[in-house]
Amino acid sequence: QVQLVESGGGSVQTGGSLTLSCKISGDTYSRHCMAWFRQAPGKEREGVAAIASEDTIHYDPSVQGRFIISRDNAKNTLYFQMNSLKPEDTAMYYCAADVRPYCSGIWWLKREYNYWGQGTQVTVSS
């Protein structure tokens, strides 16, 4: 059974930075496409970044150039470095794992992922 546990959320002011972590256990981490999703109140959960086993990376345009997704296979951990944060980045952030080693062509859709963490809250104040 694959388990994902996020950490690192918090409250920051506009322009600040946060780094989220997602620890994966129960499977060989390096075999999965991994992604970060976020969900703001009253909105759908949306994919914002994904990284495949061969380190192919995808970003949503809303975070391109500000956020960086990375993975440390030795530590079984996925990271999400978030810089230049804006109030519209406020959401619950979730990590997700696909059983496939590659990310699908519709990586931003939650139905493409098999395992989810419990989420960590990010709040950006103006």
Side-chain angles (χ1 to χ4, degrees):
Q1 180 71 20
V2 176
Q3 291 185 321
L4 308 176
V5 179
E6 302 98 334
S7 61
S11 297
V12 296
Q13 293 188 325
T14 297
S17 298
L18 284 172
T19 299
L20 307 183
S21 299
C22 174
K23 179 78 171 179
I24 183 168
S25 61
D27 201 345
T28 304
Y29 166 71
S30 61
R31 295 199 302 223
H32 294 286
C33 169
M34 301 289 296
W36 287 100
F37 280 70
R38 65 185 180 188
Q39 187 168 17
K43 295 189 176 181
E44 290 291 319
R45 191 173 298 188
E46 59 177 3
V48 289
I51 182 168
S53 61
E54 77 277 18
D55 287 343
T56 300
I57 291 175
H58 308 275
Y59 291 106
D60 182 83
S62 66
V63 306
Q64 179 85 46
R66 298 189 298 125
F67 295 4
I68 300 171
I69 188 171
S70 62
R71 63 200 298 164
D72 185 331
N73 290 338
K75 296 182 178 180
N76 276 0
T77 303
L78 178 73
Y79 299 101
F80 204 31
Q81 181 179 340
M82 304 186 296
N83 303 313
S84 301
L85 282 160
K86 305 174 181 179
E88 51 264 43
D89 295 318
T90 295
M92 185 73 79
Y93 283 73
Y94 299 88
C95 68
D98 184 342
V99 295
R100 297 167 291 189
Y102 58 89
C103 296
S104 81
I106 45 175
W107 62 267
W108 58 87
L109 297 180
K110 59 185 181 182
R111 68 172 187 252
E112 296 296 299
Y113 297 87
N114 307 94
Y115 303 103
W116 294 85
Q118 81 289 349
T120 186
Q121 178 67 37
V122 172
T123 302
V124 185
S125 58
S126 57

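Residue numbers start at 1 and run along the sequence shown.
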Side-chain contact, heavy-atom cut-off 4.5 Å: [X] with [Y]?
X      : Y      : result
Tyr115 : Ile24  : no
Arg38  : Val63  : yes
Arg100 : Cys33  : no
Ile106 : Glu112 : yes
Arg66  : Met82  : no
Gln121 : Thr90  : yes
Ser17  : Val12  : no

Applying a strict under-4.5 Å side-chain criterion to I, L, V, M, F, W and Y, I'd like to know whether [X] and [Y] cluster together.
X      : Y      : answer
Tyr93  : Tyr59  : yes
Val124 : Ile68  : yes
Met92  : Leu109 : yes
Phe37  : Val48  : no

Once rounded to the nearest 0.5 Å, what's the spacing between atom [atom1] of [X] and atom [atom2] of [Y]?
X      : Y      : atom1 : atom2 : result
Arg71  : Asn76  : CZ    : CG    : 9.5 Å
Tyr113 : Ser104 : OH    : OG    : 6.0 Å
Gln13  : Ser125 : CD    : OG    : 5.0 Å
Thr123 : Asp89  : OG1   : CG    : 11.0 Å
Cys103 : Ile57  : SG    : CD1   : 9.5 Å
Tyr94  : Leu4   : OH    : CG    : 13.0 Å

Is the backbone N or O of [Y] less than 3.5 Å from a side-chain atom of [X], with the two atoms forming a donor-acceptor pair by type?
X      : Y      : answer
Lys23  : Lys75  : yes
Gln118 : Val5   : no
Arg45  : Lys110 : no
Gln39  : Ala91  : no

Next item on the list: Decide side-chain contact (heavy atoms from CB on, under 4.5 Å) for Ile69 and Met34; before the verdict, give the C-alpha distance in whole Å, the side-chain angles of both, and the deciding distance to 0.1 Å.
Entry: CA-CA 9 Å; Ile69 188 171; Met34 301 289 296; 5.6 Å; no
Considering all heavy atoms of both residues, which atom of [X] and which atom of [Y] are nearest to each other, and what is their separation?
X      : Y      : value
Gly119 : Glu6   : N-OE1, 2.9 Å
Val99  : Asn114 : N-OD1, 2.9 Å
Gly9   : Thr120 : N-OG1, 3.1 Å
Asp98  : Tyr102 : OD2-O, 4.1 Å
Ser21  : Thr77  : CB-CG2, 4.2 Å
Phe67  : Asn83  : CE1-O, 3.6 Å

Checklist line | Member of Tyr79, Phe80, Trp107 meeting the ring-ring contact (aromatic ring centres under 6.0 Å, His included) criterion with Trp36 | finding: Phe80
